[in-house]
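Have a look at the structure below, then the notes.
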Amino acid sequence: MGASVEIRRMGEDEIGELVALLEQSWVENWGPHVDAAGRARFAAERPAKGYVEACWRDIDVGVRDGRIVGMSHIEGDYLHAIHVSSDAWGSGVGAQLMARAVAAGTRRLEVRGFNMRARAFYARRGWRETGVSAGTEMGTPVETVAMERG
């Protein structure tokens, strides 16, 4: 488990650290499900950088031992993103971020169909799958699963 986790709003000075976490998360968890052209596009475009720079004021982070180990981003009742560093999986960081998001009124999210670990995480916390749609990830066709809570 390690040291306790502080869940708080991120600061502008943490943009680079969060971008690194999100890029690593994408490479580890989404990259294997995307074709080579999509992986090259991700590396060239660095979408996590633009996302964090645009949204950092609305992102919560989980910090352990002075290092960001997770994040969540909500808007109204929609959970845009939740990511936990793979070295913090199973440590409770994701559960704490999710609990905070639910307490803030989050009731909807979308997850990539191939992300079985995340789908199981959400299901254990009372989320149910409500639909599947076709989408793309960096140009590669993927399924997107809509989920709701409550």
Side-chain angles (χ1 to χ4, degrees), residues 5 7-64 67-98 100-102 104-149:
V5 174
I7 307 294
R8 60 168 172 74
R9 193 55 54 126
M10 77 172 286
E12 186 174 13
D13 61 329
E14 297 171 311
I15 289 173
E17 184 179 359
L18 184 57
V19 168
L21 182 151
L22 292 179
E23 288 179 342
Q24 186 64 35
S25 179
W26 191 94
V27 166
E28 291 175 353
N29 301 299
W30 295 21
H33 303 280
V34 174
D35 62 26
R39 289 189 300 274
R41 181 177 168 191
F42 178 83
E45 293 180 13
R46 298 195 65 206
K49 183 176 186 297
Y51 167 69
V52 175
E53 287 173 347
C55 299
W56 68 268
R57 290 171 185 83
D58 299 316
I59 293 175
D60 288 332
V61 291
V63 179
R64 175 178 285 142
R67 182 174 75 90
I68 295 175
V69 294
M71 64 78 70
S72 64
H73 173 207
I74 65 172
E75 181 178 9
D77 71 345
Y78 186 75
L79 178 64
H80 283 279
I82 186 167
H83 291 268
V84 174
S85 175
S86 60
D87 65 352
W89 285 353
S91 70
V93 175
Q96 286 181 263
L97 287 163
M98 180 58 77
R100 183 171 169 134
V102 167
T106 300
R107 298 288 175 260
R108 300 177 301 119
L109 63 83
E110 292 179 339
V111 61
R112 295 297 189 207
F114 60 74
N115 196 342
M116 298 308 294
R117 180 180 182 87
R119 290 168 69 182
F121 172 85
Y122 300 137
R124 287 191 305 271
R125 285 156 181 82
W127 293 79
R128 61 184 170 77
E129 296 185 4
T130 59
V132 177
S133 60
T136 62
E137 180 61 36
M138 302 310 296
T140 300
V142 296
E143 287 186 335
T144 299
V145 177
M147 299 185 81
E148 292 183 0
R149 187 173 190 288

Euclidean distance, [Y] [atom2] relative to [X] [atom1], rounded to 0.5 Å:
X: R57; Y: R9; atom1: CZ; atom2: CZ; result: 11.5 Å
X: M71; Y: L21; atom1: CE; atom2: CG; result: 8.5 Å
X: R100; Y: T106; atom1: CZ; atom2: OG1; result: 11.0 Å
X: H73; Y: L22; atom1: NE2; atom2: CG; result: 11.5 Å
X: H33; Y: W26; atom1: NE2; atom2: CH2; result: 10.5 Å
X: S91; Y: R64; atom1: OG; atom2: CZ; result: 4.0 Å

Side chain of [X], backbone of [Y]: donor and acceptor closer than 3.5 Å?
X: E14; Y: G11; answer: yes
X: T140; Y: D35; answer: yes
X: R112; Y: T136; answer: yes
X: R119; Y: G113; answer: yes
X: R149; Y: L109; answer: no

Compare all side-chain heavy atoms of [X] with those of [Y] and state whether any distance is below 4.5 angstrom.
X: Q24; Y: S86; answer: no
X: V111; Y: M147; answer: yes
X: V63; Y: I68; answer: yes
X: V61; Y: E17; answer: no
X: V34; Y: F42; answer: no

Please step through ring-ring contact (aromatic ring centres under 6.0 Å, His included) for the pair Y51 and H80, ending with a clear verdict.
-> CA-CA 11 Å; Y51 167 69; H80 283 279; 7.6 Å; no
Who pairs with R124 by side chain to side chain donor-acceptor pair (under 3.5 Å), at least two apart in sequence or on another chain?
-> none
Run the side-chain contact (heavy atoms from CB on, under 4.5 Å) check on Y122 and M98 step by step: do they pass?
-> CA-CA 9 Å; Y122 300 137; M98 180 58 77; 3.3 Å; yes
For [X] against [Y], the heavy-atom pair lying closest together:
X: T144; Y: G135; value: OG1-CA, 4.5 Å
X: A48; Y: V19; value: O-CG2, 4.0 Å
X: R67; Y: S85; value: NH1-OG, 4.0 Å
X: L97; Y: S72; value: CD2-OG, 3.8 Å

Kindly determine whether F121 and N115 satisfy side-chain contact (heavy atoms from CB on, under 4.5 Å), including the steps that lead there.
-> CA-CA 10 Å; F121 172 85; N115 196 342; over 6 Å; no
For E75 and C55, what are the C-alpha separation, side-chain angles and deciding distance, and is it a side-chain contact (heavy atoms from CB on, under 4.5 Å)?
-> CA-CA 10 Å; E75 181 178 9; C55 299; over 6 Å; no
E45/M138 under side-chain contact (heavy atoms from CB on, under 4.5 Å): CA gap, chis, key distance, verdict = CA-CA 9 Å; E45 293 180 13; M138 302 310 296; 3.6 Å; yes
When the ring planes of H83 and W30 are compared, do they come out parallel, tilted or perpendicular, using 30° and 60° as the limits?
-> tilted
Count the heavy atoms belonging to other residues, nucleotides or ligands that lie under 6.0 Å from CD of E28, then report whether that count exceeds 12.
-> yes
Please test E148 against R107 for salt bridge (Lys or Arg N to Asp or Glu O under 4.0 Å), starting from the C-alpha separation and ending with a verdict.
-> CA-CA 5 Å; E148 292 183 0; R107 298 288 175 260; over 6 Å; no
